[in-house]
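Report on the structure given below.
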Number of protein chains: 2
Amino acid sequence: MGADGGRREEILAAALEMLAEQGWRGTSLNAIADRVGLTRQGVLHYFPSKQALLTEILARRQDLNREHLLADHADKDWPDQLAEVVAHDHDRPGLARAYSVLMAESLTAGHPAHAHFRDHYSDVRARMTEAFTRRWGDRLPSGLSPAQAATALLALLDGMQQQWLLDQDQADDHSDTMRAALSVLLGIPGDH
Amino acid sequence: MGADGGRREEILAAALEMLAEQGWRGTSLNAIADRVGLTRQGVLHYFPSKQALLTEILARRQDLNREHLLADHADKDWPDQLAEVVAHDHDRPGLARAYSVLMAESLTAGHPAHAHFRDHYSDVRARMTEAFTRRWGDRLPSGLSPAQAATALLALLDGMQQQWLLDQDQADDHSDTMRAALSVLLGIPGDH
DNA sequence: GTCTATATTAGGATAGAC
DNA sequence: GTCTATCCTAATATAGAC
């Protein structure tokens with residue numbers, strides 16, 4: 001990969017940004033090209049099609065799937081764990097937004113990212129369930145089963161992120177609520 | 001309104017169905033027209049623009065916003081309450097899907113439904129917070145504040161609905177998990 | 001009330017010049 | 001490696017015939 005690998009990266013980064021704002025269907029090759037100072041034909045020199053561009057974004061950006069944090073470092077203490085995810089999102093608002101927007105968009109039939117997110121969720125749920133089981137056996141302190149807790153925890157993260165994206169001027173504090181709700185779901189003491 | 005009010009209703013119903021499957025941006029006037037046996041020009045006779053069609057759907061379909069159930073009958077017992085919402089979704093999979101898809105799509109900048117959902121959430125959160133306060137004062141049995149519980153509960157509903165839409169073959173039972181997680185969030189006894 | 005015809009714009013993609 | 005030119009398709013919308 002020579003000095004011009006940079007162009008590809010530039011395009012990928014620009015595409016990710018646009019995606020976060022307008023969704024994939026709302027993002028045109030022209031718009032991406034504009035942002036990197038090319039024409040859309042210039043962009044198509046690096047990626048054979050719009051779909052190929054998305055495919056590469058999904059394949060590379062592991063950090064687009066923030067839940068990997070939850071599944072990968074499952075041996076740490078859970079309040080710290082959660083704080084890390086919240087901090088991760090907070091430090092990379094663009095990434096967090098891209099993640100939510102793309103996942104949400106992929107609910108519709110025939111969306112090119114549908115299979116990716118379906119498999120991703122299935123994988124993360126399984127790993128979290130396993131981590132919960134290792135730590136607590138077949139019941140969490142809250143009384144939920146590991147599988148129920150995994151599903152509920154992911155749902156809570158996604159749902160809250162979306163509420164926040166919908167209205168960033170929400171009065172109450174997002175991350176405090178997240179931490180408190182998570183503590184309750186797991187059944188471990190929080191500081192609220 | 002004469003005998004032809006029916007046509008308008010037909011179009012609105014068809015549009016809502018398509019919307020649930022493909023999202024708003026993924027739904028064309030041609031597709032809607034096909035479904036009711038018209039050309040797109042025929043559809044535009046009833047609604048001056050695609051946007052006007054969506055606006056009317058949002059203005060009329062109160063039941064698109066399933067959370068009204070949570071806010072409106074907040075004096076009932078909460079396990080029953082929740083069961084009702086779940087049943088409501090279960091009986092109207094098309095409506096529930098339309099709701100989730102449209103809400104998710106409206107996260108993106110400049111989406112025509114963005115303001116609608118922002119205001120809707122703000123309203124429902126406020127009403128739920130008030131209902132919780134009436135019932136439990138400033139702390140729920142779970143230890144959450146009424147505002148935190150309202151936010152978390154809505155997030156959980158949305159997040160789980162989305163996981164279900166993403167993969168309807170999920171092994172574990174959706175409504176059981178929902179009920180259990182809700183009981184934990186509120187801090188009231190469940191039957192799990 | 002519904003159609004045909006048409007205008008306009010935009011999107012994605014290819015061929016080929018430089 | 002990037003552009004111009006072109007093609008194709010599809011979308012919204014308007015005008016006007018019937």
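Residue numbers begin at 1 in each chain, while the letters A, B, ... track the order of the sequences.
- Remark: the T108(B) side chain and the R25(B) side chain contain an N/O donor-acceptor pair separated by less than 3.5 Å.
- Between F117(B) and H120(B), the ring-plane angle classifies as perpendicular under the 30° and 60° cut-offs.
- Atoms NE2 (H45(B)) and P (dC18(D)) sit 18 Å apart, rounded to a whole Å.
- Without hydrogens or angle criteria, R92(A) side chain to H88(A) main chain gives a donor-acceptor distance under 3.5 Å.
- A sub-4.0 Å separation between OP1 or OP2 of dG12(C) and a side-chain N or O of N30(A) is absent.
- For the pair L44(A) CG and dG16(C) C1', the interatomic distance rounds to 15 Å; values are reported in whole Å.
- Remark: the R40(A) side chain and the dG11(C) base include no donor-acceptor N/O pair separated by less than 3.5 Å.
- Atom CG of L29(A) and atom P of dT2(D) are 15 Å apart (whole Å).
- Listed pair R7(A) / dT2(D) meets the phosphate criterion, a side-chain N or O lying under 4.0 Å from OP1 or OP2.
- Note: OH (Y46(A)) to C1' (dA13(C)) measures 18 Å, nearest angstrom.
- In this structure, R25(A) atom CZ and dA10(C) atom C1' are separated by 17 Å, rounded to whole Å.
- Distances shorter than 4.0 Å separate none of the side-chain N or O atoms of T39(A) from OP1 or OP2 on dT2(D).
- At whole-Å resolution of the value, CD in Q41(A) and C1' in dA5(D) are 9 Å apart.
- Counting to the nearest Å, the P atom of dT2(C) and the CZ atom of R8(B) are 13 Å from each other.
- Counting only N and O atoms by type, the side chains of S49(B) and Q51(B) include no donor and acceptor under 3.5 Å apart.
- Summarising the geometry, the separation between NZ on K50(B) and P on dT8(C) is reported as 22 Å, rounded to the nearest angstrom.
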